[in-house]
There are 2 protein chains.
Amino acid sequence: MKSTEKAPTRRSRAVAAKRAAILNAALEFFSQYGIHGTSLDKVAERADISKTNLLYYYPSKEALYLAVLKEILEVWLAPLRALCHDQQPLEAIKQYIRMKLEVSRDNPQASRLFCLEMLQGAPLLKKELEGELKALVDEKAAVIENWVAQGRLASVQPHHLIFMLWATTQHYADFATQVEAITGQTLNDKAFFQQTVENVSRIVLEGIRVR
Amino acid sequence: MKSTEKAPTRRSRAVAAKRAAILNAALEFFSQYGIHGTSLDKVAERADISKTNLLYYYPSKEALYLAVLKEILEVWLAPLRALCHDQQPLEAIKQYIRMKLEVSRDNPQASRLFCLEMLQGAPLLKKELEGELKALVDEKAAVIENWVAQGRLASVQPHHLIFMLWATTQHYADFATQVEAITGQTLNDKAFFQQTVENVSRIVLEGIRVR
DNA sequence: GTCTATAATATGATAGAC
DNA sequence: GTCTATCATATTATAGAC
């Protein structure tokens, strides 16, 4: 009886659910306290299993951390992947801002963990940064550069524009505490979310519109 | 013989130098690995004293961490403090961007530690955020609002503009690893620094210029 | 002020029964 | 797959001599 078949059995479904529960619990703690500030005890407790059992599914703390990182990288990249050369430039960027702010609202932990990893010099993501991410950014930078060359966008260096979009949209997740301390609101307030999309879009779009 | 006098003796100078060395070493580690990822052993070693001796100057790890935080908060806030109502709006903002990028270049660790603390929900800075920082931001937001009301700046909600400035300028410190992975450069490259100032300024200033 | 123990504890990981 | 020990280690902090 091979256990490598693809069809989900009752057991494999249960296993998958457990893995997901662990990853979820882990993200919660890692994204707030980092890998060092998080104990396997707490993660296990949140995932409602024993620590030993957790170590059965993920053989070490670092393995667990890495699994979480891999998972969130895709969430984080999705909005940029959606940026496409056959859109209207300003429309494309506006849509990007909205999508990324949605990530900041719906998945702030992913954003924060990514930020945490970056702050530490991305010891575990460096390869992905220099490989997959760089390739993606180069591709999208070329799209933007083309728009500029065609006179459909003001003259900007694509990288800096991309950084500004990343930074500004992430800020509402990573610095949510500060945003809330100052404005009294969060992206979960519908009006505040809308207001944020509009203000960010307006400044950036006016800033790169051709005139 | 009272030791409370203000005049710096040979001894008090030596003590001050030691405290500074400790704070420096601590910032280095805290800003990269966080409070949990940093051991007093390493800090002491970097400051070139024994761990016991370190604990003589700062009675606990948390006390040390707090001392470091307090110190960097001022560095971080300085550029915003400089923003003044009697400047030309666009000039003022341009100068702010340059100053903050200088902090990101010359003091990236301060920026990173601040970011780290924020990611964790600012457990130790919450009071300052809601008090001192909020007051400062409210004051500067009023300045910006006035410029808008006078028709000297396009219509923006000051808070969102301030967040964008913070986020964009910090990004080059906090995400330096990513910036370098993608562009191959850092703010220490003179040309790249200049390029960054210009690109960020151009987008933002065009974005909020009155027309 | 600085040092040498050393206490006290947290926590990652493994062994081995079931 | 899951559990009960248990090991091994790192690390904060203190006591007390000098």
Side-chain angles (χ1 to χ4, degrees), chain A residues 1-5 8-30 32-69 116 120 123-124, chain B residues 1-5 8-69 120 123-124:
Chain A
M1 206 73 83
K2 297 254 178 89
S3 63
T4 50
E5 352 182 330
T9 63
R10 223 170 319 164
R11 171 160 299 175
S12 78
R13 254 195 306 270
V15 165
K18 216 157 196 178
R19 291 193 106 90
I22 294 171
L23 287 176
N24 244 328
L27 173 58
E28 207 165 306
F29 286 100
F30 285 154
Q32 182 163 8
Y33 304 109
I35 185 171
H36 302 294
T38 298
S39 74
L40 291 179
D41 260 327
K42 301 256 188 198
V43 174
E45 189 190 351
R46 177 64 54 99
D48 209 31
I49 61 176
S50 71
K51 182 171 64 167
T52 335
N53 198 201
L54 189 162
L55 282 163
Y56 169 78
Y57 286 96
Y58 294 93
S60 74
K61 194 187 194 181
E62 192 174 308
L64 174 59
Y65 183 76
L66 207 74
V68 175
L69 263 191
L116 252 172
Q120 305 188 16
L124 297 172
Chain B
M1 206 68 88
K2 296 254 177 85
S3 65
T4 51
E5 352 181 330
T9 63
R10 222 169 318 162
R11 173 161 299 177
S12 78
R13 254 197 304 272
V15 166
K18 217 158 193 177
R19 291 193 106 91
I22 295 171
L23 286 176
N24 243 328
L27 173 58
E28 207 165 306
F29 287 100
F30 284 155
S31 68
Q32 181 163 8
Y33 304 109
I35 184 170
H36 302 293
T38 299
S39 74
L40 291 180
D41 260 327
K42 301 255 187 196
V43 175
E45 188 189 351
R46 178 62 54 98
D48 208 31
I49 61 175
S50 72
K51 182 172 61 169
T52 335
N53 198 200
L54 189 161
L55 282 163
Y56 169 78
Y57 285 95
Y58 294 92
S60 75
K61 192 186 194 180
E62 193 174 308
L64 174 59
Y65 183 76
L66 206 74
V68 176
L69 263 191
Q120 305 189 13
L124 297 172

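Chain identifiers are assigned alphabetically (A, B, ...) following the order of the sequence lines, protein sequences preceding nucleic acid strands; residue numbering begins at 1 within each chain.
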Strand-adjacent residues in residues 14-23 of chain A, judged by heavy atoms under 4.0 Å from DNA chain D: A:V15, A:K18

Atom pair CG (A:L124) and CG (A:L69), whose distance is rounded to the nearest 0.5 Å: 6.0 Å

Give, for atom CG of A:L54 and atom CD of A:E45, the distance between the pair rounded to the nearest 0.5 Å. 12.0 Å

I need the minimum non-hydrogen distance between B:A21 and B:A47, along with the two atoms involved. O-CB, 3.9 Å

If you assign B:R11 and A:S39 each to the DNA chain C nucleotide with the nearest heavy atom, which residue ends up on the more 5' nucleotide? B:R11

Grab the [atom1]-[atom2] distance between [X] and [N] for me, whole Å please.
{"X": "B:K42", "N": "D:dT12", "atom1": "NZ", "atom2": "C1'", "answer": "16 Å"}
{"X": "A:H36", "N": "D:dT11", "atom1": "NE2", "atom2": "C1'", "answer": "14 Å"}
{"X": "B:L40", "N": "D:dT14", "atom1": "CG", "atom2": "C1'", "answer": "13 Å"}
{"X": "B:L64", "N": "D:dA13", "atom1": "CG", "atom2": "P", "answer": "10 Å"}

Within a 6.0 Å radius of atom CZ on A:F29, are there more than 12 heavy atoms belonging to other residues, nucleotides or ligands? yes

In residues 48-61 of chain A, which residues come under 4.0 Å of DNA chain C by heavy atom? A:K51, A:T52, A:L55, A:S60, A:K61

Please check this pair: side chain of [X] against backbone of [Y], looking for a donor-acceptor N/O pair closer than 3.5 Å.
{"X": "A:K61", "Y": "A:T38", "value": "yes"}
{"X": "A:Q32", "Y": "B:Q120", "value": "yes"}
{"X": "B:S12", "Y": "B:P8", "value": "no"}

List the residues meeting side chain to side chain donor-acceptor pair (under 3.5 Å) with B:Y58, not counting sequence neighbours, and say none if there are none. none

